[in-house]
Amino acid sequence: MTEKTNWWKNAVIYQIYPRSFQDSDGDGIGDLKGIIGRLDYLQKLGIDAIWLSPVCKSPQDDNGYDISDYRDIDPMFGTLSDMEELIAEAKKRNIRILLDLVLNHSSDEHFWFKEAKKSRENPYHDYYVWRDGKEGELPNDMKACFGGSCWEWVPELSQYYFHQFSVKQPDLNWENPKLRQEIYDMINWWIDKGVGGFRLDVIDQIAKEPDQKITNNGPRLHEYIRELSKNTFQRADLITVGEAWGADTERAKLYSAPDGSEFSMVFQFEHICLDQIPGKEKWDLAPLELVKFKKVMEKWQHELQGCGWNSLFWNNHDLPRIVSRWGNDKEYRQESAKMLAIVLHGMQGTPYVYQGEELGMTNAEAFTMDDYRDIETLNMYRDRKAAGYEECDIMKSLHAKSRDNARTPMHWDDSKNAGFTTGESWIPVNPNYVQINAAQELSDPDSVFHTYRKLIALRKQYPVFIDGDFTLLYPEDADLFVYTRQNEKEKLIVIANFHGNTVDMPKVEGVREAELLCSSYADVDRDAKVLRPYEARMYRIG
Ligand code: GLC
């Protein structure tokens, strides 16, 4: 593999959810200038790239995942020149800016859709997906991801349009070559502005075939992606990552083929969907079974070795905070947050750190319905109420899985509003910012922050993190997560107690003489007979 295709393999990507990261003008919403002011913090953490959730012009029905102008910045986040400044300032610190490309749908306020709605003959009409029909007789019973039907009636045209998300997010028609060309032109315009790559939102859903009720993995999916990649990404040296909820390992190998025909890597969710009742929705909670979880991780590590590339993540703006989810956000918050970081960062793939994860930020456990803002959350509440669910069950699901858990403002310090804004925050700040914040984490050498910083630096220091073969040990153990990574020269050993009880120390060859790289407790007794709650150690032999 050439240097060009390889360099990003030891990169670590930090995700910023702009509206909650740093406000610079007191309107209670984070913005680009706010991010610029925090670049030094990110440089200290050691990350290589920032994935920016969407900042383009948008009516914000889905917090920016509904774009009304792909070539302009929403005034709430700043201006195009702020974006240029962010790209330039980040570059000075060797940080790339990755834009979030939402190409499955646009906003209904996009010029294309406004035109498309004017008449069936309008040149933009075919940029979207329409079906003839009668009012009240839906083309079929497909449901949208945010609840309700996938079909919305437009009386002027006597047609329905198709939307996989909200009614304000009409699906784009990728079968139309003109639409595809417009998208390539837009992407190339951003490449010329110096962005360092892209995250492709729900890219597995672009090749929909609604008449066959196909949403993701449509028959023309990889044809479209290859054409997209050839006409855009392959012109430059970029990091690209495709979000694909429906990817199995075979498809993942296509998305992340080493020949660069599609993306650099895939972002798939199999591991992170295991704590729900199979076949049900994410709200239908089930405990995580560690043995099953380890099998899934092992499968992905083995299957993509040498022929694909995965993303490693616990968190993003759609997922709850990992320390609240699979750690213990009370008495073992620090230990469990560090354990989870160690387990993840020792694997093969590109790690993603979602803002605040490096501080061990927690879910919004005290939120009431007045506090939630997310469209998915509000619609779920409405639909489950109507379906007769108990209020307390609905709230239990939301406290566990609402997307707003991860969208509360970043905790910078213990001043008012956690240093996020001088105004009134668009969503409540988690009151535990007084204890959990960046200023505090930076000043404590054993903090969660410094554990992430260390892990990020280690990944750059030792090639075994990138190319080592993965072997899972103790696969049937219900508490331990133990694995090794090995290449010709070095071996990495990760030993973790995934739970809050004490467990016998596993026997792993070579640990006695190995160098301890990182641990979730500051004091490590090499002769200990047990691992403490959430104790994790990372060793290296080489
Ligand atoms: C992706 C985004 C999510 C958004 C959806 C529709 O899954 O991560 O936030 O709501 O796509 O664009």
Side-chain angles (χ1 to χ4, degrees), residues 13-21 30 50-68 70 74 77 98-110 113 128-129 142-148 150 152 161-172 174 183 198-208 215-217 221 240-247 255 263 265-270 272-273 281-283 311 313-321 352 354-355 357 372-380 401-408 426-427:
I13 298 176
Y14 188 88
Q15 186 193 351
I16 289 184
Y17 197 62
R19 59 164 53 228
S20 298
F21 192 63
I50 295 170
W51 153 21
L52 262 194
S53 277
V55 288
C56 285
K57 224 175 216 159
S58 160
Q60 305 288 324
D61 186 54
D62 184 18
N63 289 359
Y65 284 89
D66 48 316
I67 294 176
S68 55
Y70 290 91
D74 196 280
F77 297 124
L98 315 187
L99 290 192
D100 207 324
L101 283 175
V102 187
L103 306 179
N104 175 67
H105 44 268
S106 71
S107 161
D108 65 341
E109 296 182 33
H110 193 289
F113 192 71
Y128 295 87
V129 180
M142 290 173 82
K143 295 273 172 279
C145 295
F146 297 153
C150 268
E152 182 70 9
Y161 69 84
F162 181 69
H163 62 92
Q164 297 188 59
F165 294 89
S166 91
V167 282
K168 287 185 66 61
Q169 294 166 296
D171 267 57
L172 289 164
W174 276 70
I183 288 177
F198 301 95
R199 178 255 188 188
L200 287 292
D201 187 65
V202 291
I203 198 69
D204 58 342
Q205 295 178 214
I206 58 172
K208 49 249 161 186
T215 50
N216 59 17
N217 301 337
L221 176 62
T240 53
V241 50
E243 185 199 24
W245 286 83
Y255 285 124
F263 306 127
M265 66 190 95
V266 61
F267 199 96
Q268 57 75 33
F269 295 83
E270 188 174 356
I272 214 75
C273 292
E281 294 184 87
K282 73 176 192 184
W283 311 112
S311 304
F313 67 93
W314 294 130
N315 276 114
N316 72 18
H317 64 294
D318 297 327
L319 302 170
R321 294 280 182 188
Y352 286 69
Y354 176 71
Q355 65 182 44
E357 176 183 342
Y372 288 114
R373 303 285 182 265
D374 170 33
I375 181 168
E376 184 194 53
T377 296
L378 302 180
N379 289 359
M380 174 281 207
K401 294 276 180 79
S402 166
R403 304 197 296 184
D404 280 340
N405 280 307
R407 297 178 179 186
T408 62
W426 71 276
I427 191 171

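It should be emphasised that the depicted structure is a prediction, and the values quoted were computed from it without experimental measurement. Numbering of ligands and ligand atoms starts at 1, following listing order. When reading the values below, keep in mind they use all heavy atoms of this one structure, side chains included, and skip hydrogens, waters and symmetry mates.
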Passes side chain to side chain donor-acceptor pair (under 3.5 Å), D204 versus W245? Steps please. CA-CA 7 Å; D204 58 342; W245 286 83; over 6 Å; no

Contact between [X] and ligand 1, counting heavy atoms under 4.0 Å?
{"X": "Q164", "result": "no"}
{"X": "R199", "result": "yes"}
{"X": "R403", "result": "yes"}

For [atom], what is the closest protein heavy atom, and at what distance to 0.1 Å?
{"atom": "atom 9 (O) of ligand 1", "answer": "D318 OD1, 2.7 Å"}
{"atom": "atom 2 (C) of ligand 1", "answer": "D201 OD1, 3.0 Å"}
{"atom": "atom 10 (O) of ligand 1", "answer": "D62 OD2, 2.5 Å"}
{"atom": "atom 5 (C) of ligand 1", "answer": "F165 CE2, 3.8 Å"}

Drop me the distance from S53's OG to D318's CG, to the nearest 0.5 angstrom. 8.0 Å

Quick one: does K282's side chain have a donor or acceptor within less than 3.5 Å of a partner on L319's backbone? no

Side-chain donor/acceptor of E281 to backbone N/O of W283, under 3.5 Å: no

So which atom in R407 and which in D374 form the shortest heavy-atom distance, rounded to 0.1 Å? NH1-OD1, 3.5 Å

What is the minimum heavy-atom distance between L98 and F198, and which atoms define it? CB-N, 4.2 Å

Can you tell me how the ring of H317 sits relative to the ring of W51, calling it parallel under 30°, perpendicular over 60° and tilted otherwise? perpendicular

Ligand-side contact atoms (ligand 1) for residue partner [X], heavy atom cut-off under 4.0 Å:
{"X": "F146", "result": "10 (O)"}
{"X": "V202", "result": "1 (C), 7 (O), 11 (O)"}
{"X": "E243", "result": "1 (C), 7 (O), 8 (O)"}
{"X": "H105", "result": "6 (C), 12 (O)"}

Centroid separation under 6.0 Å, is that true for the rings of Y354 and F313? no

